[in-house]
Amino acid sequence: MLRLLIGTGVLLMAVGFGSAGWQYWQSLPAAKAAAEDVAPAPPGPAAADVPAAAPAMRQVWLMSPVGDLIPQDEVRNYIAQDRFAPSRTVLVTRQARLADLLAAGESLPSADYLQVLADIRAPRVAAGLCEVLLRAMATDCAVNRARVVAGSVDPVAGTARFRLELAYRLPEQAEGLPDLAAHVFRTETVERTLEAGAEGTASAEAALATALATVTDACAARTDGKACRMLRLSLDWLPGQPVQARAEIGWLAPLPKGLFLAPPLAPASRG
């Protein structure tokens with residue numbers, strides 16, 4: 001049975017078996033994509049279980065501290081917390097044991113087929129990561145993309161590295177957003193390196209929880225504004241190696257004197 005699965009794996013890889021969620025969002029014409037947000041579907045459910053498309057978000061303008069307009073993709077990322085956004089992601093690169101990809105009663109195939117097996121079963125490696133994100137801050141989470149890193153399969157050690165992308169929603173704040181016309185949108189990159197063996201590095205899940213706690217602390221330290229939110233995060237985890245985490249947060253700060261928000265005459269670039 002496993003050989004049959006692996007034999008069909010090449011075809012499945014060609015059509016993007018490792019991808020799930022809102023792949024078609026990126027293929028929409030620019031005008032349509034700008035007016036429509038589509039919720040991603042986690043791998044596996046029947047068509048009837050796939051969430052319906054969320055209502056389009058009305059055009060909202062945000063200004064940077066220097067007076068530039070924020071691209072609409074980033075505005076959607078920050079404002080539209082009740083839906084998934086293509087750029088609001090958690091990217092995790094991690095190592096995993098190939099034996100953990102097998103179902104009960106299966107055994108690993110020959111070395112020639114390990115890469116295919118790893119790519120087909122990659123979503124299993126991401127299973128526990130959404131649970132961490134939901135406990136820390138998210139209200140919903142889905143595995144949007146999961147693939148094995150090319151050339152990373154080690155037949156001797158029985159391991160491989162995987163690149164995983166999670167999409168998530170954040171809770172709407174009870175008090176809502178302040179007057180957008182009286183605020184500018186500020187961002188900051190938050191980085192943290194954990195030495196090998198330090199607390200919070202025992203697993204990729206533990207490292208993600210530590211990184212999310214760092215983001216929460218960074219937002220709490222932003223006393224110059226309101227509604228601080230995580231825009232995206234990336235994490236690299238390998239056993240016995242330092243953990244690298246990098247996140248971007250965004251918040252609304254009071255409008256500097258001399259600036260005022262005025263929508264442009266022409267539509268802003270989506271880039």
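Below, all heavy atoms of this structure are taken into account, side chains as well, without hydrogens, waters or symmetry copies.
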Donor-acceptor pair, distance only, cut-off 3.5 Å: does the side chain of Arg124 make one with the backbone of Leu101? yes
Is a donor on one side and an acceptor on the other found under 3.5 Å between the side chain of Ser152 and the backbone of Val148? no
Using the test side-chain hydrogen bond (donor to acceptor under 3.5 Å, both in side chains), find all partners of Glu131 that sit at least two apart in sequence or belong to another chain. none
Using the test side chain to side chain contact (heavy atoms under 4.5 Å, CB included), find all partners of Asp68 that sit at least two apart in sequence or belong to another chain. Ser64, Val66
Who pairs with Glu195 by side chain to side chain contact (heavy atoms under 4.5 Å, CB included), at least two apart in sequence or on another chain? Thr193, Pro242
Residues Glu205 and Arg135 bridged, charged N to O under 4.0 Å: no
Taking NZ, NE, NH1 and NH2 as the nitrogens, is one of them in Arg147 or Glu165 under 4.0 Å from a carboxylate oxygen of the other? no
With sequence neighbours excluded, tell me which residues meet side-chain hydrogen bond (donor to acceptor under 3.5 Å, both in side chains) with Arg229. none
Sole candidate of Thr187, Val75, Asn77, Val184 that passes side-chain contact (heavy atoms from CB on, under 4.5 Å) when paired with Ile70: Val75
Among residues two or more places apart or on two chains, list those pairs meeting disulfide (SG to SG under 2.5 Å) that have a residue in residues 177-222. Cys219-Cys228
Using only atom types and a distance under 3.5 Å, with no angle test, would you say the side chain of Arg94 pairs donor to acceptor with the backbone of Val125? yes
Verify, without hydrogens or angle tests, whether Trp251 (side chain) and Phe185 (backbone) share a donor-acceptor contact under 3.5 angstrom. no
Listed once per pair and sorted, the disulfide (SG to SG under 2.5 Å) pairs that draw on residues 61-96, sequence neighbours left out: none
With a 4.0 Å cut-off, would you call Arg88 and Glu248 a salt bridge? no
Atom CZ of residue position Arg232 - does it have more than 12 heavy atoms of other residues, nucleotides or ligands inside 6.0 Å? yes
